[in-house]
Structures are given as structure tokens and as C-alpha cells.
Amino acid sequence: MVRRLIGLPDFCWSIFIFPLLHGLEILDTGEVVYRETTTNGVVTQAVILECGSTLPDVYIWGFTKPGTDTIRAIVYNFGKGPKMQKLAETLGDLTVISNSASLSITKLPLDAEGLYTCQALYDTPQGARLYYYYVHLFVLVPVSKPYIVLSDSSPVEGTSMWMRCGLEEGTGPINYTWEQETREGSVSTLAQTNISVVNITWVTRNHTGWYRCLAKNQVNQQRSDRIWLDIIFGPDMPQIDVTPYSVTERGYSALERETVSLMCQASSNPPSQYVWFYNNSQVYMGPQLTIMKILRMHTGHYACLAQNTYLNTRSKKTITLTVYYPPDGTPLCSIYPANNYTDLALWCFWEGGHPQASLYWSPFPAGNNGQASSNVTLIQRGPDTANNSVFVCHGSHVSLNKSTSCSTRAWIPPGAPQCFAYATRNNEHLMMSCSWEGGSPRALLWWASSVGDMQGKSEENANVLVLRSSTIYSGKAFVCHAQHPLLAMTKTCMLKLEAPVLVTQRSVVSVYEGSDVQLTCILRANYPTTDITWYNNLKQRVVDMPKKYLLQRAAAWSNLTVREADGLQDSGQYWCSATNAVGGAEIPILLVVKRYPMPPNVTISKIMYSSRQRSDIDLEWATNTDGEMTGFIIERSWAPRSGRIREDAILWQTAAVDLEQDVRSYRIGGLDPTGLYAFRITAVNHRTIGHPSEPKTPADPPFNAYPAVIGAALVGMIIAAVATVLFFMYVVRNRNNNPRLHDLIFGMQHSQSRENINFPEDEVVSGAEAEQGPAAQPSPGPSIISARPTVSAQGLPAGDGDNEPVNVTITVMATS
Ligand SMILES: *[C@@H]1O[C@H](CO)[C@@H](O)[C@H](O)[C@H]1NC(C)=O
Ligand SMILES: *[C@@H]1O[C@H](CO)[C@@H](O)[C@H](O)[C@H]1NC(C)=O
Ligand SMILES: *[C@@H]1O[C@H](CO)[C@@H](O)[C@H](O)[C@H]1NC(C)=O
Ligand SMILES: *[C@@H]1O[C@H](CO)[C@@H](O)[C@H](O)[C@H]1NC(C)=O
Ligand SMILES: *[C@@H]1O[C@H](CO)[C@@H](O)[C@H](O)[C@H]1NC(C)=O
Ligand SMILES: *[C@@H]1O[C@H](CO)[C@@H](O)[C@H](O)[C@H]1NC(C)=O
Ligand SMILES: *[C@@H]1O[C@H](CO)[C@@H](O)[C@H](O)[C@H]1NC(C)=O
């Protein structure tokens, strides 16, 4: 249709008129004039086809249809008005404009296109003139509203596609303009072509948008409706935004207890689906992962996976998130000796946070101080530091808004080092102790000999040097050195070891028996100090027993008092002894207990009942010889009625004691009138007891047999009686020491006599069997010569005023 008029064959005209064509001005008035024009008309619109500017006298319009060469008349006017031909009806509403030869066509049909020829004849004064007007009429069609055809309305990014701008009609040439309107509303021209199709060989997401095409020809232009082109793409590599934002060389960081939000974005169409992973395990679905109050355990790798469910494509990005937290508590400050106790090392420690806390000491410039470290040591010159200097260590951490601190103080222990020596039990080891307590840092102590050799190891605060006890150390000195960093010089203390030296004022001490005697021992030199120990004449260690030994001690001396010295028991060599870890000493002291001389022998000169009742007896006696004496003892005994008398069964009983030395007569009362008694008298000089007198019975004239019987009995009784007296004397003498024994003999009803003799008074004598005698054990009690009763008091502490019940065995040994 567009090209319909092209190639219109007008060769027939050229046969006739070609020679006339090459000039419009025809000089020869007889020549035909040719005029050619082109007129464009628009279908259904009106158009005017002109034939000269004035009305010719005669004209004929012809029409040649394109594709044909025949010319057909449409209208003519030979001066009598235009005459329409049938053909004119097919060419729209065709009329001739009055007073001209021009044609007007309204409602131009497409078929009206063609070559219109107006042959006009003008009758001029110069003669008739013939004009040929060729009018080429083109009937143009306006473009219709275009529409868009997409090869794919949802193409995937990276593929190719085409778009066509479709048109129902329109006369060419047609120009196509493609407009793109983005989602945001900005409009741009994508392409301008004269063909209706645009190829997009590589679709990108930037092609997403509204599209319109604009078709334009000579007549008009038309816009299509907009159409949405949806490009499918993605997801891109996700982008993760961490808030609060804090980046380190190892990834992101957050402070503990903060709320941390991880936002993931990955461009995609349709939009991405997001899945979050922590250390490779899924933790959340959705674009934003929020962790309220993040904890240190939440450190790790966080991955965001974005998925395009339409394309089934995915992409993933991983970040590392480190949770920062401060160390627990506060920094720890310490002070140590450095450089062999000449300098101070200030040590500050605060570990456990992440990242490490940073520490510094004040008052010091930050330069030579440690920074980002959990552990800072600063060396400070010792003697330049004043006593009681305070140092502060400050710790700060990225997660804390204020710093914390600790402090330490350098001070010298008060006073000076103290030394002393002592020994372990039994003096096995010698311990030398040196101490200088307190201070910060602590002082270092070590022992050295007097010539300076170090002994043992050095120790802080206190140092005990242990040596095996030996006499080689006697007289040696040991020095304890103490070094403290704040002091330029060491401090010392010294010990000198010395074995004990004992002296006594009197090495032989004599005393009369019965008195107390004091032995003295003086300890001259000794270190470590020790006590004086006493050993008695039996080489037994002396312990305090108030009845016998009294010990008095002071630092440098010891007195041993032997009480009521007994001539037989207490005489002999005593020792005082002192031992320390470096030696020992022992000195003997001889104690001589002098006995008083034997008192004279006594004879009973008169013995008789004072009355017929026989309850009282008058005694008179005399001393046979001269001699010192202090008094007399009267004893009595039962005289058995039967003829047989056992000597060992006669036991003497004290009837009177402590009679003055000048008394020679005495009355004894309270006797059993039916009983028969024997009496004897013994002189006493202090503790020395003389020989007893011969026993006598009181005279009783009516019964003559008595004296003979008694006399016979007495012969056998004598020896036993002597022993008995000695025993009683012992008991009496020791009645304070052995009250039980005394009571047993004198105060208790305990008759074991075989003869079952009844004594008139409630006094009992316990006679033991002979077989018990020699087997008696040695005991701490008195050692007694033969023919004296031996008293074995098992468990009886000699001289002890002890109230425990005791076993007492009394053995009477008769030796003749
Ligand atoms: C558009 O691309 C297709 C396929 O690649 C091709 O056949 C066609 O000729 C192209 N058209 C234009 C106008 O480039
Ligand atoms: C889309 O357009 C933006 C901005 O014009 C450009 O930076 C980007 O590279 C384009 N993307 C593609 C896939 O062409
Ligand atoms: C996650 O991984 C990090 C780094 O490997 C690790 O330190 C952390 O302990 C892990 N967390 C858990 C809960 O496994
Ligand atoms: C440390 O000091 C003491 C005395 O102050 C000295 O005897 C000792 O040799 C020193 N030790 C060192 C390793 O310097
Ligand atoms: C150092 O200070 C301590 C503590 O205050 C004190 O006990 C000591 O005596 C002082 N020493 C000196 C040498 O001043
Ligand atoms: C110990 O004995 C000495 C010498 O006999 C004497 O001088 C001193 O006073 C006595 N000490 C006591 C406490 O009796
Ligand atoms: C005293 O008596 C004893 C024995 O009865 C006797 O051995 C001694 O010789 C007497 N002494 C004197 C001086 O007669």
C-alpha cells in the first residue's frame, strides 16, 4: 500500500511530451506548458488538487490509476460548466472549486491515489495557450495505536529477548521510539529505530520497567500502552550490615550485652529468602538476625544464605563476629623483688577479657609502660624508692567505659631481723631461726658462718637453718643477713653457740640427818639455752616431789633441796647436768648425811601395876651408859597366855613416844586388866634409835607360873621384837610420807595372826607370812638393811602425798 504509487508508468506521456519537458518557460507561444506537482492527502481527509491559478477557458482532468497507463477523464469544462464523469464517484466526494479548475476531494479514499492530469487551455491575446498540470496525489494513512509484543515477559538476566512494536496500519516510513520507565518513574529512551523490533542480546535487571513504543510517520505518531518487563535475576552476593558497626582486622566485633543486629541484603527478583547460620547450623529465617544481649559464647561465624526460589539459585556470605568482654574483677597488683633483691618488679595482671585489657602503672610515663597486655611488669630501682611508696595500676577495656585499678605499696619490714637458736627434742638438731616479718616485697634472709660462707638456702621472711647437733659448733658464730630491695645495705643479726659450763659453790655438802640440804649448780655459758637437770645418788633423774626433793630454777642456776636428809638413804654422789645441741656438762656434788651417835642402852628398873584394877602401869628406867640422846620411846606387846610363843608373832606397839630426855618414869594407862603385857624402852638421839631394853612384864605376885612362861616366850621373841621395833620406827618416822602404811599398821583392824590373838585395843599389827619375804621387789622406797622389815609399796611414789589406794606388802625377815 505504501509503495503503491512508486514506479507509476508515465512512459506514454513521455512519448508525446518528453521533448517539451526540459523547460517550464516556453518561449514559443505555440508550445504546450507542462507543470508537475506532488500533493499528499490523508485518507478520509480533504485535499485540493490545483490546476493553474486562474480559471482556464477549457480544461480536462484525467486520472491514471497506479499500475496502469491508461488515463481516464474525471471532469471537463469546455466553458459550459464542469461535467463530472462516473469515475469521479470512486474518488471520494470530488468537487470542482468554483472559479477555478482545482479539485477538492473530501473523505479521501485510499483508491484516490494516483496521477491526476489537468489539461488547461487559455485563450490569451497572444493566442491560445495549453498547459498540462500533472498532480501526483499520494493518499497517506496515519499510524494506528501500536502495541508491544515481548518474546518473554519475564526473561532471566543474561538471556536475550526481543520486543516488537506492533501496528495495525500506517504509511511508511515509520519511526519507532522505545521508552522505558523505571519503577521509580524516570523515563528514558531505550532505542529509536525504523524497524519495529529491538533485540536485547543480554538482558539485565536494569531492563526491568514499564515499556512504551512510539510509532511515527508523516501523518501522526501514536504511543502504545505501557507494558511491564520483569527481569528475573539473583540473588547477588549478599551484603551483611552489622549494627552497631565495628570492624576489626578479623571481622566484626560487638560488646557483650549489647543488642546486635545483622541485616542481610541480596538483590534478587523475586526477592530473596534469607536463612541465617551460626557456625554452620541454621538459627534464623529472615533478613534480619537480632541478638539481644549478645554474650561471649555467641562469637563465631555468621552466614547469610539468600535464595531465589523461582530460579532455585542461592548465594551465601559469611562474616566473623567477635564478642568483646572485659576481664572479671579488677586488675591484680603485686610487687616482687627483682635483680637479686636490689630492684622492685611491679606486676599487674588482668586476664580473661577479649581483646586483652590494657594496663599501665602510675605514676610512670605511659611510654615505658605496657599497653595492650594482660600482664605488665615494670622494674623500679629499689633504693631510690621511698618507704611506703604507693603504685597504682590502671586497667581499661574497650567494653568498659571507665577504667579500674589496683594498687600496691612498697615498704620495709619494721625493726631489724631477729635471730635465735634452739634445739629439737633430745638435742638431735640445732635450729637457727632468723626472721624479719612483714614488708612488701618481703626481705630475703640467709645464714652465713662468721667467715661469710653461706649456710643453707636463702628464704623470704624467715629462715631456719637446721644443723645436726655437734660439739664442733661450740664457740662458733652464725650471722643472718637480710636484704630488702628498698635498702641499699643488708641488715644482720648474729648468734654465738656455746656448750654449757656448770659450776658449783660446794662440791661436797655435809649435813646431819633430818635437816634439809640445798645443792646448788650454776650454769655459766650456754647457747642455745638449756636447763639444769639433777640426778640423785642412785643416778635417777630428780623430779620435783615436795616431800623429798624441791627444785628451784632460774635462768642461770638451779638449787636442789633434799628434805629431811636421811643418813642411809640420801648420802652419795649427786649430779647436776646440762646439755644443749653443741655440748654438755655434768658436775658431781657429794652429799654427806651425818648420823647422830648411838644413844645409851636402857634398862627397865621398875614395872608394876599401879592398882588392883591392873589398868595402869608405872614404869621406871635408867640409862646404862653415857651418850647423847633426845628422848625415849615406850613400846608394849601382848604376852600370850599359852605356853607356846612364836617369836616372829610378837609385834611391838608404841605406847609412848617423844618422852623428854630427862624423864625416867612414866605411867601407862588404859590397859585391859585381863590382858598380859610386855614393855620395853628405847633411847633416841635425833633419828638414831638405840638398842631397846629387855622387855619386862608388870609384876603380879599371885600367879607364879607367869614369869616363867613369859620369860620362855620372851627368849624367842627378842629377835623378832628388835626387827619389829625397827620397822615401826621406820613407819613412825615416815608417817607423814606414808600415812597409809602408818594407818594400816596402827589404825586398822586387820588381824591375820595365826594364833588369832586378840589385842585389847583397836590397833592392829599386820604380820605377813615368811614366804613373802625375799621376793619383795626393789622399789623407789627406802632400801633397808637385812633384819629390817622391807616395805614394798608398789606404785607408791616415794614421799609423795598421794591419796590413791596402794598395795602394801609388809615382809618381816628374821635373820639370826
Ligand atoms: C534479533 O536477534 C535474533 C536472534 O539473535 C536475530 O535472528 C534477529 O535478526 C535480530 N534482529 C535484529 C533486528 O537485530
Ligand atoms: C544498572 O544500572 C546501574 C546504574 O545505572 C549500573 O551501575 C549497573 O552497572 C547496571 N547494571 C547492569 C547489570 O548493567
Ligand atoms: C563457633 O566458632 C567459633 C570459631 O571457630 C568458636 O570459637 C566458637 O566456640 C564456636 N561456637 C560454638 C557454640 O561452637
Ligand atoms: C645476690 O646478692 C647477694 C648479696 O646481696 C650476693 O651474695 C649474690 O652473689 C648475688 N647473686 C647474684 C646472682 O648476683
Ligand atoms: C617503713 O614503713 C613501715 C610501714 O609503715 C614501717 O613499719 C617501717 O618502720 C618503715 N621503715 C623505715 C626504715 O622507715
Ligand atoms: C640457791 O642456792 C644458793 C647457794 O646455796 C643460794 O645462794 C641461793 O639463795 C639459793 N636460791 C634460793 C632461791 O634458795
Ligand atoms: C647395849 O646392848 C646391846 C644389846 O643389847 C649390846 O650389844 C651392847 O654391847 C650394849 N652396849 C653397852 C655399852 O653396854
Side-chain angles (χ1 to χ4, degrees), residues 155-161 180-191 200-209 229-237 239 248-254 256 260 262 266-269 276-284 289 291 294-304 308 311 313 315 318-325 335 337 341 344 352-355 380 382-391 407-418 435-443 461 482-493:
V156 175
E157 192 172 54
T159 59
S160 65
M161 68 165 294
Q180 180 189 359
E181 183 183 342
T182 61
R183 209 186 296 263
E184 293 76 37
S186 68
V187 178
S188 61
T189 302
L190 180 73
I200 302 174
T201 51
W202 185 267
V203 172
T204 75
R205 66 196 63 180
N206 285 357
H207 291 120
T208 304
L229 179 64
D230 197 25
I231 311 296
I232 306 297
F233 63 91
D236 289 351
M237 179 54 69
Q239 183 187 336
T248 68
E249 70 275 10
R250 299 227 326 273
Y252 293 89
S253 68
E256 198 168 40
V260 173
L262 305 176
S267 293
S268 174
N269 185 26
W276 281 97
F277 294 85
Y278 170 61
N279 281 7
N280 294 326
S281 48
Q282 184 175 331
V283 289
Y284 184 69
L289 171 64
I291 306 165
I294 194 162
L295 298 176
R296 60 196 69 175
M297 55 180 274
H298 294 138
T299 289
H301 305 297
Y302 288 85
C304 167
N308 184 324
L311 290 174
T313 51
S315 62
T318 303
I319 60 158
T320 303
L321 180 66
T322 308
V323 179
Y324 285 168
Y325 52 92
I335 191 159
Y341 286 79
L344 297 172
H354 187 79
Q380 157 82 348
D384 296 351
T385 307
N387 192 18
N388 289 312
S389 296
V390 173
F391 303 96
S407 70
T408 184
R409 183 166 66 98
W411 55 286
I412 307 166
Q418 303 293 320
S435 68
W436 196 25
E437 309 239 340
S440 174
R442 291 167 169 183
N461 237 5
Q483 167 85 53
H484 192 272
L486 263 49
L487 295 175
M489 300 287 293
T490 64
K491 291 199 171 205
T492 57
C493 63

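On a predicted model such as this, the values are computed, not experimentally measured, just so you know. Start at 1 and go down the list; that is how both ligands and their atoms are numbered. Just so you know, residue 1 is the first one in the sequence shown, and it goes up from there. Side-chain atoms are counted along with the backbone in the values below, which use heavy atoms only and exclude waters and symmetry mates.
Here the closest non-hydrogen pair linking F233 and E157 is CB-OE1, 3.4 Å. Nearest heavy-atom pair, V156 versus T159, reported as atom, atom and distance to 0.1 Å: O-OG1, 2.6 Å. Considering all non-hydrogen atoms of both residues, N308 and G234 come closest at ND2-O, 3.5 Å.
A distance-only check finds a donor-acceptor pair linking the side chain of Q418 to the backbone of A416 [under 3.5 Å]. The closest donor-acceptor contact from the side chain of T385 to the backbone of L486 lies at 3.5 Å or more, if one exists at all.
Ring geometry for H484 versus W436: interplanar angle over 60°, hence perpendicular rather than tilted (30 to 60°).
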May I have every N or O pair linking ligand 2 to the protein at under 3.5 Å, one per line with atom names and distance?
residue: ligand 2; atom: 2 (O); partner: N206; partner atom: OD1; Å: 3.3
residue: ligand 2; atom: 2 (O); partner: N206; partner atom: ND2; Å: 2.1
residue: ligand 2; atom: 11 (N); partner: N206; partner atom: ND2; Å: 3.0

Requested in this report: Walk me through it: do L229 and H207 pass the test side chain to side chain contact (heavy atoms under 4.5 Å, CB included)?
Outcome: CA-CA 7 Å; L229 179 64; H207 291 120; 4.2 Å; yes

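Considering both main-chain and side-chain atoms, W411 never comes within under 3.5 Å of ligand 5 through any nitrogen or oxygen pair.
For ligand 3, the atoms lying closer than 4.0 Å to a non-hydrogen atom of Y278 are 1 (C), 10 (C), 11 (N), 12 (C), 13 (C).
With a 4.0 Å cut-off on non-hydrogen atoms, N388 touches ligand 5 through its side chain and not its backbone.
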